[in-house]
Amino acid sequence: MPDQQQNSTNHGKAIQTIPTNYGALSTLVTVFFFWGFIAAGNSVFIPFCKHHFGLDQFQSQLVDFAFYTAYYLGALVLFAYGAFGGKDLVGKWGYKKSIVYGLLFSALGAIAMILAVEGDTFSGMLVGLFIVALGFSLQQTAAQPFTILLGDPATGASRATLGGAINSFGTTIGPIVVAFALFGTTAAITDDKIASLSLSKVILLYSCVGALFIAAAALFFFSKKVPAGVSIEETEKASKALNTLLIMTGALIIVFVPVFYSYKTDLTNASADVITAMQVYRMKLLFCALAVVVFGLLFANFRAKKNPHGWGAMQYPQLVLGMLGIFAYVGVEVTIGSNLSELLKQPEFGTHASSEAAPYISMYWGSLMIGRWAGALTAFNFSKRTRNILQFVVPLLAFAIIIGINTLAKYDMTPLYYYVFCVLIQMLAFYISKNKPVRTLLMFSLLGVTAMLIGIFTTGTIAIYAFLSGGLFCSIMWPAIFALAIAGLGKYTSEGSAFLIMMILGGGIIPPIQGKLSDLIGIHHSYIVPVICYSYLAFFAFRVKGILKNQGIDYDAEMGTGSGH
């Protein structure tokens, strides 16, 4: 592996003098906002669909299934184009045009949603969300390397974290705006009233969303500050990796088709035995999908170790384990929030109506904002003393903003005031980890496991706080996993990045698994699924350090606070 250290060394002084294009960066982060706004809004949209269409918890999670599966298929199509044509399609179009095209494609998805609502069809809505997310896949594939292009490569990860911070602001206000758009009020609404709400509210919501997509596309297209970002670099062909991914995709389609259509099965008057049989059938299919991803990737890496030719980036164990890491991370981040509304309806958690869950969902996604705002400080040239002060002040400021926004929306936030103690725990962990990827990922993963176990074995406010804190511990995992997974890939870095984007698929598989498990054992104990996800992330952090050391890379030493990462 002669190129393995190419991307982690040789940042010369000439490169480090490149100033950050803040004008273009400020325009770019608008798309980060959209990703967060729509994704978090799904957490409110899920209970709306559940009660309007009379779905069970598993069926309602098909919203996440449709949304996040699109990321995988979109990234796969882009990789396949490069593998067959030898050219990166995003690089050929340029990052600027790719983001514009992605925004317009998402606007088409919004139109598809409106048409589906007119027909009062849940499957049509899923198709609309799928198209919206396909556009997001193209935007994200372009935006990730674009942030690196807009300044010093050494501080590229910090700019990505800044984008994540803006993304998290979208996730914070998304549930509030979507809840108000759907329910028309911030007051409590019973589930029976939700079931009878007019779908015209969804039409209005997605009409506004579609208009915003088009406006953002126009902003990008006409902005002279945003460079074209065209790259004509030849892509590395990886036929064996492509064939493996295509086989995996075929197997997933075989599994997903009956899963998707099973939501139409009417079990209203069915016997207990029939209902149990259907639940077991769905669970088997979902675990088959999980097995396809896990064993498919492990098989690819096993074969690549014997003969790396044709496997491209998949010959690196840190990438393959990192792909599973992104899969688990996105899965756990999404599943905690998506099942939260159902959890809060239980008597031991306060019997909250679906409309009353919005501030809790906002706090969950806002918890990601709290951590990412602190992590984004390294994108600015602050002195060490100033940065240390801000790392204490900024998380508390972010927490206050979340409380303030929800209070303005006339939600009672007094039950969440003491959540600030969870924020203080996250701040302490952030300080101890010293922004080093391995240490950060290991510590935050173990805290995630601890929080979920506390939530499972307790009830009431303590359990709610524990589950909400999952957002705090997810907050800065993405850049840590991403950085560790592509460390040492050299010329395969871009290809490896595309593979990692594909694994956003975890958000489409893991939430339905928890949803189905909740139908079998109850929503409270179904949170064993996040425990397993966090446990794998802790394993990845522990294992990847040894893998990189064997390749001559001490990543925490190279990418610690001294490097501005």
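Residues: numbered from 1 along the sequence shown.
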Counting distance only, does the side-chain N/O of [X] pair as donor-acceptor with the main-chain N or O of [Y] below 3.5 Å?
| X | Y | result |
| --- | --- | --- |
| His524 | Phe457 | no |
| Thr335 | Gly331 | no |
| Gln315 | Gly312 | yes |
| Ser469 | Ala466 | yes |
| Glu333 | Cys474 | no |
| Arg372 | Phe169 | no |
| Tyr68 | Gly506 | no |
| Ser106 | Val132 | yes |
| Gln139 | Gly135 | yes |

Margin query: Could you walk me through whether Val438 and Leu548 satisfy the side-chain contact (heavy atoms from CB on, under 4.5 Å) test, starting with their C-alpha distance in whole Å, then the side-chain angles of each, then the deciding distance to 0.1 Å, before giving a yes or no?
Written below: CA-CA 11 Å; Val438 173; Leu548 294 178; 5.6 Å; no
Next item on the list: Could you tell me whether Tyr71 atom OH has more than 12 heavy atoms of other residues or ligands within 6.0 Å of it?
Entry: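 Atom OH in Tyr71 is packed in, count exceeds 12.
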Measuring from [X]:[atom1] to [Y]:[atom2], what's the distance to the nearest 0.5 Å?
| X | Y | atom1 | atom2 | value |
| --- | --- | --- | --- | --- |
| Leu472 | Met427 | CG | CE | 11.0 Å |
| Gln318 | Leu484 | CD | CG | 9.0 Å |
| Ile509 | Phe65 | CD1 | CZ | 8.0 Å |
| Leu343 | Ser526 | CG | OG | 7.5 Å |
| Met452 | Ile528 | CE | CD1 | 11.0 Å |
| Phe473 | Cys422 | CZ | SG | 7.0 Å |

Note to self: Under the criterion side-chain contact (heavy atoms from CB on, under 4.5 Å), I'd like the reasoning laid out for Asn339 against Val529: C-alpha separation, chi angles, the key distance, then a yes or no.
What the structure shows: CA-CA 11 Å; Asn339 287 284; Val529 172; over 6 Å; no
Which atoms form the tightest heavy-atom contact between [X] and [Y], and what is the distance?
| X | Y | result |
| --- | --- | --- |
| Met502 | Ala75 | CG-CB, 3.4 Å |
| Leu500 | Ile486 | CD1-CG2, 3.6 Å |
| Tyr95 | Ala142 | CD2-O, 3.7 Å |
| Leu321 | Tyr536 | O-OH, 2.8 Å |
| Thr69 | Phe130 | C-CE1, 4.3 Å |
| Leu489 | Ala313 | CD2-CB, 4.1 Å |

Are any non-hydrogen side-chain atoms of [X] and [Y] less than 4.5 angstrom apart?
| X | Y | answer |
| --- | --- | --- |
| Ile361 | Tyr364 | no |
| Thr450 | Tyr534 | no |
| Phe430 | Ile476 | yes |
| Ile532 | Val332 | no |
| Phe67 | Phe136 | yes |
| Met323 | Met314 | yes |
| Ile510 | Cys533 | yes |
| Arg543 | Pro317 | no |

Next item on the list: Please test Leu447 against Gln426 for side-chain contact (heavy atoms from CB on, under 4.5 Å), starting from the C-alpha separation and ending with a verdict.
Entry: CA-CA 9 Å; Leu447 285 170; Gln426 191 250 21; over 6 Å; no
Notebook entry, point to check: Does the side chain of Thr440 come under 3.5 Å of the side chain of Ser433 through a donor N or O and an acceptor N or O?
Noted result: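 The criterion, which ignores hydrogens and geometry beyond distance, is satisfied for Ser433 and Thr440.
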Margin query: Assess the residue pair Leu286 and Leu290 against the criterion (side-chain contact (heavy atoms from CB on, under 4.5 Å)); give the C-alpha distance rounded to whole Å, side-chain angles, the decisive distance to 0.1 Å, and a yes or no.
Written below: CA-CA 6 Å; Leu286 289 168; Leu290 182 64; over 6 Å; no
Checklist line | Residue among Ile326, Leu442, Leu441, Ile547 satisfying side-chain contact (heavy atoms from CB on, under 4.5 Å) with Phe540 | finding: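 In the set Ile326, Leu442, Leu441, Ile547, the residue that makes a side-chain contact (heavy atoms from CB on, under 4.5 Å) with Phe540 is Leu441.
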Item checked: Single hit among Asn301, Thr244, Val320 for side-chain contact (heavy atoms from CB on, under 4.5 Å) with Trp311 ->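 Single pass found, and it is Thr244.
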Note to self: Check the orientation of Phe79 and Phe499. Use parallel for under 30°, tilted for 30 to 60°, and perpendicular for over 60°.
What the structure shows: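 Phe79 and Phe499: perpendicular rings.
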